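Below is one structure, written out as structure tokens, with a few remarks after it.
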Amino acid sequence: MTRQLLFGNHAFCEGAIAAGVRFYAGYPITPATEIAEFMSRRMFEVDGTYIQMEDELASLNAVMGASVTGVKSVTASAGPGMALIQNELGQAVVAEIPAVVINVGRAGPGIGNATRSGQMEVMQARYGPNGECPAVAISPATVEEAFWLTIKAVNLSETLRTVVIVLAEGLLGLQRAVVDLPDYSTIEQTERPRPTMPPSEYSGAYIANELTDVPPVADFGTGYKTILNTVGIQPRGGGDGSTQGGRLENQDFTIRRLHEKILSRKDEVIMTERHQTEDAEVVYIAFGTQAQSAYLAMQQARAKSVKAGMLRLITIWPFPEDAVRECCAKARLVVVPEMNLGQVRMLVVNALADTEAKVVGVNHVDSTYILPEEILAKTEEFLP
Amino acid sequence: MSADAKKNRPDPMTPLDDLIGQYADMPPGNFRYCPGCGLGMAQSALMRAFHRLDLDISQVASAGGSGCYAVMAHYFKSNHVHGSHGRACAVATGMKLANPELTVLTLQGDGDCLAIGGNHFIHAARRNIDITVICFNNFGFGDTGGQLAPTTPKGSVTETSPFGMPEEAFDPCKLAIGAGASFVARSTVAHPVHLTKTLAEAIAWKGFAFVEVLQHCHVLWGRRNGMPEAMDMLNFYREKSAFNTAAISEEECFGSPIYEPDGEQDINFVLGVLHKEQRPELGEELAKLRQRVKGDAS
Amino acid sequence: MAKRAYEISIDETLCRSCAVCWEICAPDVLGFQPPLNKAIVLTQTDCTGCRLCEWLCPDWAIVVRPLASEVAA
Amino acid sequence: MKSEIRIAGIGGQGLVSASVVLAEALGVVRDFQVVQTQFYASNITGGASCGDVVVADENITFPWVLEPDLLIALAQDAVDGHGAKMRPGTTVIADDIMVTNLSLFGEDVTVHWAPLTRTADEVGSRRCANIVALGALSQLTGLLDLAQVSKAVASRAPGKPETNRRAVEAGYALQLTPAEGRAA
């Protein structure tokens with residue numbers, strides 16, 4: 001264990017390296033720039049490869065290129081960069097190429113407010129790319145978690161053969177905290193499923209019989225013929241894959257499988273943190289750095305004898321609907337503080353459609369963090 | 001070359017079906033090209049180039065995007081990423097850097113490589129990463145139905161230039177040289193032996209190699225411009241092409257073609273290796289850097 | 001002077017009648033068969049072994065193989 | 001124990017760097033829990049800017065400085081920007097030439113005028129006023145001794161080690177007393 005003052009953006013990098021990432025391609029963009037800066041040094045130290053590409057599109061494509069050779073790969077971006085790479089995100093998800101994308105959220109549409117923070121890409125992480133594209137998104141709250149969740153992200157991307165987005169914020173990327181870093185040799189690393197049969201019997205990277213299958217994929221250059229195809233209509237039982245505009249039942253199977261392979265592993269993928277939700281009549285549901293305000297608000301509400309509880313969403317996608325329902329079983333009021341105009345609130349409303357609970361939001365889009373007092377004020381305003 | 005090496009060199013006249021067994025992965029029916037398409041011819045030449053170099057096909061990795069050519073890699077036993085439109089150079093850069101042992105190609109169309117993917121193309125050339133970019137130039141977008149591309153000759157008729165292409169065209173080779181490609185060559189499907197040799201030389205080249213393959217689309221471009229049959233276009237390439245020799249000046253090698261079906265025509269292609277320059281290759285430079293950083297650390 | 005002989009085989013299921021082979025064949029070894037206009041071999045003995053048909057057939061339907069025995073000119 | 005410390009001024013004064021050094025000293029050299037954050041306009045010189053440190057001896061649940069109990073003001077902008085948000089009992093170390101007007105502060109704020117910039121000039125570079133301030137802060141609060149703060153300066157601000165060493169020592173040697181007419 002080494003104790004050090006770790007910068008949030010560097011924590012993502014250290015987590016990635018601890019998880020076995022040896023390729024980084026990126027393009028500088030505030031507030032994620034320090035990730036590229038740090039990786040340009042660290043990747044050489046760990047015998048990996050760093051390359052600064054010509055744009056974010058190229059970065060994610062280079063990451064895909066590196067990943068298909070079996071090298072765990074990461075890129076990072078923010079705001080406009082994330083908007084730009086949506087197509088490639090969809091490509092990587094449907095081609096089932098493991099990759100991790102760190103989104104250090106900045107504020108505002110367009111160029112936005114580069115040095116400031118936001119949580120405005122919740123829906124984008126799931127609905128940004130075309131064509132029902134189920135990337136996994138997880139959201140750290142502290143610098144220490146930025147380290148551990150990046151490891152988790154890399155491992156999930158490998159076992160699920162998908163893209164995992166680390167949905168962070170400028171507020172987290174640009175803070176430093178004291179973290180005890182473990183010895184990296186003790187970190188558990190997982191690998192994508194690889195074929196065990198000889199090359200002559202291997203008939204492609206998408207041979208799945210069940211909707212829950214994560215098919216094995218051979219790394220390029222290992223003697224197998226591997227075609228990674230983003231056409232979105234992977235053949236079910238092999239075939240040459242060259243039939244673009246292929247069979248509709250394959251399309252149906254592929255898209256459903258992309259979702260089902262993740263949803264069927266909920267226990268592994270969905271992470272939440274609950275505080276005093278058992279008897280809670282008021283539940284605060286928050287994610288990322290704003291969960292810290294929600295936690296304080298819960299403590300202060302309890303001090304005023306309000307039966308408050310708090311649910312932190314660590315996994316955002318797939319959305320932890322079951323956890324929301326469980327935690328809000330007795331809730332009369334649900335408050336969702338977030339640094340956008342109510343993206344998670346919408347999901348909570350949807351999850352609680354069958355209940356009586358009133359769902360309200362505390363929303364900042366001025367890049368300032370939400371104060372516990374604001375959450376309490378909202379509680380008092382709406383508590384029946 | 002020693003006598004032994006010469007003897008062991010693959011026979012360039014090996015019949016097609018012998019090559020197919022070694023390199024190709026045939027579809028159940030026909031290739032997914034139009035009858036007479038130049039892509040089938042170019043694909044032949046590419047396979048013969050693999051054979052000429054005696055490549056281990058499982059160590060060949062390619063990247064491509066959208067276009068008529070996109071299915072080509074499926075017909076080989078090599079590895080392939082069928083990625084997003086135009087980004088093949090970036091994918092290939094990632095592959096080569098992550099596994100320098102691979103022979104990395106990009107198979108791209110002219111629209112894919114030079115329109116949507118132009119940025120990635122020039123930057124890959126600038127980096128001199130050891131990949132081979134093979135650009136199948138058919139003067140337009142084929143897969144979407146024959147719209148104009150950056151390589152469409154000025155004046156020629158396409159689906160989106162019904163009154164003649166108003167813009168000037170790129171000379172892909174000149175662009176590649178300007179961007180810093182260390183090997184630039186041009187050939188056509190009407191010159192199959194030359195094409196095979198050129199592709200082989202490009203793949204063997206250490207550094208960024210670019211080959212412009214003039215590959216006809218008689219169905220979409222040819223038909224609208226007075227050359228409705230595959231053979232018309234092959235003859236057109238044969239007439240308009242000259243091999244690069246000392247007699248040809250550098251200016252004559254490049255140009256922005258003009259082709260009005262019934263009017264002004266200024267369209268000539270100089271085939272052959274147009275540029276060759278030894279430059280440090282990115283992968284090797286990074287390896288050196290890695291050594292240096294480790295040396296400093298210890 | 002000995003002249004090599006060649007065997008030309010055409011897979012008619014692959015041929016899609018694009019006409020490149022018989023138009024490019026200088027000694028008119030190849031022709032086509034109506035009504036589907038698939039390529040056929042007319043006069044195999046005239047084949048000079050230039051292999052343009054094989055190299056240019058976009059459907060990989062033609063294979064030109066030198067015959068083992070040499071025949072007299 | 002929980003303390004919220006803000007080092008404020010204008011971009012280019014090394015405010016973020018100073019907060020990082022302070023966080024290193026408190027979190028790594030000593031064993032506190034620490035979170036450091038910052039606000040700045042962009043990577044340019046000039047404009048209001050600050051570096052914040054929250055230090056506690058238990059887990060920090062809320063990482064941001066809302067109302068600092070300790071403010072180092074290296075420029076008038078810092079006072080104008082944060083003066084109204086001071087809570088009673090806050091301690092302020094104000095640069096005696098860069099800060100001119102404290103009328104925004106309430107009477108219950110303890111102000112120490114300190115010759116931070118002038119001391120930095122004497123050490124040899126006005127740019128090390130931030131380091132001088134860290135020395136002064138350590139001495140005033142007793143959170144860090146000279147060796148501890150010097151160690152953090154050496155590891156987090158490795159450029160010009162000699163100047164920085166003299167700056168931190170000179171800052172530590174400053175004898176600060178509360179200004180007249182304000183709560184002590």
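What you see is a predicted model; the values in this text were computed from it and never measured. Below, chain A is the first sequence line, B the second, and so on; all start at residue 1.
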- Item | Ionic contact status for A:E96 with A:R257, cut-off 4.0 Å | yes
- Pick whichever of B:T103, B:N99, B:N119 has the most heavy-atom pairs under 4.5 Å with chain A. B:N119
- Among A:G48, A:A62, A:A218, A:S73, who wins on heavy-atom pairs under 4.5 Å with chain B? A:A62
- Item | Interchain contact, B:T93 with chain A, by part (heavy-atom threshold 4.5 Å) | side chain
- Message: Please classify the contact between B:F76 and chain A as side chain, backbone, both or neither, with a heavy-atom cut-off of under 4.5 Å.
- Response: backbone
- Applying a strict 4.5 Å limit to non-hydrogen atoms, the region of B:R127 in contact with chain A is side chain
Show the atom names and distances, to 0.1 Å, of all donor-acceptor pairs under 3.5 Å that link a side chain in residues 15-26 of chain A to residues at least two apart or in another chain.
unit_1, atom_1, unit_2, atom_2, d
A:R22, NE, A:V46, O, 3.3
A:R22, NH1, A:I17, O, 3.3
A:Y24, OH, A:A76, N, 3.4

- Query: Picking from B:M95, B:Q59, B:K77, which has the most non-hydrogen pairs under 4.5 angstrom with chain A?
  - Reply: B:M95
- Task: Determine, for B:R87 against B:D112, whether the closest basic-nitrogen to carboxylate-oxygen distance falls under 4.0 angstrom.
- Result: no
- Sequence neighbours excluded, which residues qualify as side chain to side chain donor-acceptor pair (under 3.5 Å) partners of B:E101? none
- Item | Centroid separation B:Y69 to B:Y33 less than 6.0 Å | no
- Task: Could you look at B:L282 and say if it's the side chain, the backbone, both or neither that has a heavy atom under 4.5 Å from chain A?
- Result: side chain
- Using a cut-off of under 4.5 Å for heavy-atom pairs, which of B:A61, B:G94, B:A88, B:G117 has the most such pairs with chain A? B:G94
- Select one option (side chain, backbone, both, neither) describing which atoms of B:L102 are under 4.5 Å from chain A's heavy atoms. side chain
- Query: For chain B, which of A:N87, A:L60, A:D55 has the most heavy-atom pairs under 4.5 Å?
  - Reply: A:D55
- Query: Under 6.0 Å from the six-membered ring centre of A:Y206 and within 45° of its axis: does the NZ or CZ of A:R161 meet both?
  - Reply: yes
- Under 4.5 Å heavy-atom distance to chain B, tell me which part of A:V71 shows up: side chain, backbone, both or neither. side chain
- Message: Distance alone, cut at 3.5 Å: any donor-acceptor contact between the side chains of A:T69 and A:D219?
- Response: no
